[in-house]
Structure formats: C-alpha cells, structure tokens
Amino acid sequence: MHTSDDTESALSSVFYRDPLHRYPSVERGDGVYLYDSDGRRYLDGSGGAAVAAVGHGHPAVIAAIRAQLESCAYAHTAFFTNAPQETLATMLAGRFPEPSARVYFGSGGSEANEAAIKLVRQYWVARGQERKRLYVSRQQSYHGNTLGALSLSGNPVRQRLFGPLLHDWPKVLPCYEYRHRQAGESAEEYGRRAAASLLDAIKSHGAENIAAFVAETIVGATLGVVPAVAGYFGAIRDICTEHEILLVADEVMAGCGRSGTYFAFEQEGFVPDIVTVAKGVAGGYQPLGAAIARGEIHERIVDRFGSFAHGHTYVGHATACAAGVAVASVIDNENLLENARRMGTMLRDRLAAAFRDHPHVGDIRGRGLFVGIELVVDRATKAPPPASLGLPVRLRNEAMAQGLVCYPGGGTADGRDGAHILLAPPFTYTEDNVDELVERLGHVLEGLSLR
Ligand SMILES: Cc1ncc(COP(=O)(O)O)c(C=O)c1O
C-alpha cells in the first residue's frame with residue numbers, strides 16, 4: 001500500500017518506528033510544553049513514555065550537563081570512575097531502604113533489567129545454587145525489548161515475532177483488580193489469590209530452579225498504570241523469602257518519584273532485592289538506567305568471583321550520570337515528590353469528575369503523577385475495545401491534533417483486546433496544567449464512539 005506518507009519518508013534515511021506515519025519534528029521543549037518545527041505547541045501529558053520527570057529545558061539540568069561536557073564528557077569506566085557516577089550512586093543507594101546497596105548503571109530500562117537478570121544469576125552461582133536459572137514474571141507485563149528483558153515480558157504482541165529467540169520462562173497472573181477481582185471477594189482476599197499464582201509456579205517448576213520473581217511495582221505500558229491491591233506485594237515478598245527466590249522490582253516507569261515517593265515500592269510495604277530504574281532517573285536529558293542491588297548481592301558476587309561478569313561501553317557514563325544527579329537534585333530542591341502527590345490526586349479527581357458519565361471510561365487509577373484510564377466498549381460489562389479498532393494509534397493522533405502528548409496503549413484486558421491512556425506528566429505540573437490536560441483529553445475522548 002502506498003500513501004502520501006510514504007513519499008515523505010522516502011525523503012528520509014531514518015528507519016522510523018512506524019514508517020507509514022508522518023512525525024512532526026520537535027524543535028523546542030520548555031517546561032511542560034513541546035513545540036514542533038511548524039510552531040505548534042503540545043502539552044506534555046505523559047513525559048513521552050513517563051520520562052520527562054522535571055519537564056523540558058530545566059536550566060539546572062542543562063547547566064550540569066554543560067559543565068560535565070566541558071570537564072570530561074566520557075571516559076571508559078574500565079579505566080576511571082567519575083564524580084557524577086559516584087554522586088548519583090550515593091544518592092540512589094541512599095534512597096534504598098537498607099544500607100550498603102550498590103548501583104550498577106546502564107543506558108536505559110532494558111539494559112537495567114538485563115543487568116538485573118545477570119546479577120541474580122551470578123549471585124546464585126556464587127552461593128552454589130547453579131540450578132537456579134528460571135525467572136518468573138507476570139502476564140501482561142513489560143520489561144524491555146532486549147532478548148532477556150523481552151523474555152521476562154508477558155506481552156504476546158511484542159514477543160510474537162521473536163518467540164524462537166526467547167527464553168520460555170514461567171508467567172503468573174498479574175494483580176489487576178479492575179478485571180480479575182471477583183464479586184464478593186475483598187481486595188485483601190484477591191491480593192492473596194493473585195500472589196498464590198506465584199506459589200503455583202513454584203510448585204510446578206521447583207524453588208531450586210527459580211532464580212527470581214520480576215514484577216513492575218505498578219504495571220505501566222501493558223496494563224495502563226495498575227498498582228497492586230494492598231497486601232499483594234507483602235505476600236509476594238514472604239513467598240520469595242521463604243523459597244529463596246530473589247525479588248526484582250522493575251521501576252523503570254514507576255520509579256524515581258513518578259508514584260509520589262522516590263520508589264513506588266515504598267507505598268507497597270516491601271523491599272525488593274533489586275530495583276531497576278531508568279526513564280525518570282535522568283528525565284530524558286541523557287539515556288540512563290540503573291539496577292540497584294542489596295549489599296549482600298554485591299558482596300557475594302565480589303567474594304566469590306571478584307567482579308560482575310557484565311559490562312557495556314557506557315556503564316557509568318559521566319555526562320549521563322551528571323544529568324541524573326541534576327534531576328535528582330531538582331526533585332529534592334523543588335519539593336517535587338510532594339507536588340507529584342498533590343497534583344496526582346488532583347488529576348485523578350478531576351479526570352473522575354470530567355469523565356463520570358463518559359460511556360467508554362471504565363476505570364481511572366494510579367499513584368502520584370502516574371495515571372491510567374482504561375477504556376471499555378460498555379461500562380457495565382467492561383467489554384474491551386477489540387484490537388481491530390486500532391485505538392492506540394487513533395488516540396495518539398487525535399491527541400496530537402488537540403495539542404496533547406499522551407501515551408495510549410492496547411491489549412489492556414487480555415494481552416490482545418482492550419485499550420488505555422497512560423498519563424505521566426512532569427512533576428512540575430501546576431493546577432492550571434492539570435486543568436489543561438483534563439480539558440484537552442476531554443476533546444480527544446469527546447467524539448469517541450466504540451459501539
Ligand atoms: C517497566 C518497564 N521496564 C523496562 C522498560 C524498557 O525500558 P527501555 O525502553 O528504556 O529499554 C520499559 C519501557 O517502557 C518499562 O516500562
């Protein structure tokens with residue numbers, strides 16, 4: 001099929017994400033707004049994909065990056081450490097609830113999760129438990145697109161083509177109250193039932209073979225911002241401890257303040273063995289990710305092997321870490337966790353009021369400035385919009401036509417059908433920004449008919 005968009009992309013050498021789509025070119029970012037080369041302004045309602053934590057063009061972050069570039073942009077960390085890496089590691093480890101945590105840097109979320117997979121494996125080998133090689137994760141999750149991280153992801157659409165290249169690791173049920181909690185079941189009972197799915201996997205595969213359980217503390221892109229019910233992660237933590245399985249919290253989206261606390265797990269009452277972060281850690285100013293591991297994991301690996309058998313060229317990149325230090329400092333100095341909590345509550349309340357009678361808004365949920373809106377064909381039956389409607393692309397295009405960047409996704413209900421809109425604005429949002437976001441989203445959803 002040939003479209004006019006093809007003609008446009010034929011002029012370009014870029015291998016676009018969607019070669020049939022014509023993308024406006026972004027020219028400038030300022031605070032909560034992005035501007036394209038035609039001068040159109042877009043309110044950033046999702047930080048791209050939950051990235052722009054402190055907004056665009058923040059002068060303190062730019063100054064820190066500039067200063068680092070002027071002193072030393074990069075020196076390989078096989079030869080040198082650098083001050084930003086040291087400072088950021090201290091900041092992140094200091095936010096981890098236990099002392100002595102260690103921080104292993106990479107360039108994004110997938111790399112952080114790959115590092116976590118290998119840290120876990122090397123830890124168990126160091127402890128003489130060589131059989132531990134399976135990673136249990138959840139259906140309808142997303143952990144990245146590299147082969148290890150994609151193997152963890154319970155996302156049939158993203159996995160489809162690559163099945164023969166992936167590890168066939170066990171998947172258990174997500175904790176997805178809106179669709180899976182049964183009538184007459186309390187949230188607590190439901191949380192226990194969802195957590196018991198991990199016990200079933202342990203029975204089938206044997207704890208001696210399972211290295212880790214990996215879960216997003218708040219499920220972002222695949223479920224549309226679904227926090228667990230109270231008690232679920234506490235039960236998961238107990239099961240992991242009892243069966244000697246490491247617990248990895250993927251907070252690539254939910255972490256670094258997005259949920260209103262620096263780590264989302266702080267609100268869930270558990271401490272993971274490893275937490276991975278990316279996106280918000282440098283807020284999009286530089287590509288950066290990290291796996292933060294309990295001190296014991298570092299100790300066992302170093303005692304037995306001397307070092308972690310892993311590495312990339314850009315581990316501990318000085319300029320990326322300088323951006324990370326600056327973003328974390330802005331979050332502290334501008335009291336942005338508090339603002340994320342306050343604006344997040346306001347956003348959810350105002351969305352609930354605006355869409356109270358909208359026939360296709362089934363659920364509004366989230367924590368802090370991490371908010372999901374699940375769309376349904378019918379509110380009473382919760383019937384999901386069929387995948388054939390192509391809603392995510394339609395919604396993205398309509399939102400951009402309305403001057404709004406939000407992050408729609410599909411497959412919400414069962415991995416295939418269903419749709420949601422993910423909102424993850426900069427933590428610098430004001431009440432006016434919240435109102436503008438709700439108003440623009442209102443225009444996007446105004447004409448939406450799924451019947
Ligand atoms: C929870 C989660 N983990 C991992 C990733 C992968 O991160 P990246 O795209 O930076 O590789 C993502 C990306 O959306 C994510 O949402």
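Ligands are counted one by one from 1 in listed order, and the atoms in each one are counted from 1 as well. Numbers here simply count residues along the sequence, with the first being 1.
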Does the ring of [Y] carry [X] above it, NZ/CZ under 6.0 angstrom from centre and within 45° of its axis?
{"X": "Arg41", "Y": "Tyr33", "answer": "yes"}
{"X": "Arg258", "Y": "Phe427", "answer": "no"}
{"X": "Arg181", "Y": "Tyr190", "answer": "no"}

Any idea which atoms of ligand 1 are less than 4.0 Å away from a heavy-atom of [X]?
{"X": "Glu216", "answer": "1 (C)"}
{"X": "Asn113", "answer": "3 (N), 4 (C)"}
{"X": "Ser110", "answer": "6 (C), 7 (O), 8 (P), 11 (O)"}

How long is the straight-line distance from NE2 of His360 back to CG of Leu391, given to the nearest 0.5 Å?
9.0 Å
Quick check for you: to the nearest 0.5 Å, what is the distance between Leu92 atom CG and Ile292 atom CD1?
4.5 Å
At what distance is the nearest protein heavy atom to [atom], and which residue and atom is it?
{"atom": "atom 10 (O) of ligand 1", "answer": "Gly109 N, 2.8 Å"}
{"atom": "atom 3 (N) of ligand 1", "answer": "Asp250 OD2, 2.8 Å"}
{"atom": "atom 16 (O) of ligand 1", "answer": "Met253 CG, 3.3 Å"}
{"atom": "atom 2 (C) of ligand 1", "answer": "Tyr142 O, 3.3 Å"}
{"atom": "atom 14 (O) of ligand 1", "answer": "Lys279 NZ, 3.0 Å"}
{"atom": "atom 5 (C) of ligand 1", "answer": "Val252 CG1, 3.7 Å"}

So, do Leu445 and Val361 sit near enough that their side-chain heavy atoms are less than 4.5 Å apart?
yes
All ring-ring contact (aromatic ring centres under 6.0 Å, His included) counterparts of Phe79, not counting sequence neighbours:
His76
Proximity to ligand 1 by part of Asn145, non-hydrogen separation under 4.0 Å
neither
Counting only heavy atoms, tell me which of Pro287, Ala254, Gly144, Gly255 gets closest to atom 6 (C) of ligand 1.
Gly144
Do Arg440 and Glu436 sit within salt-bridge range, that is, some charged N less than 4.0 Å from a carboxylate O?
yes
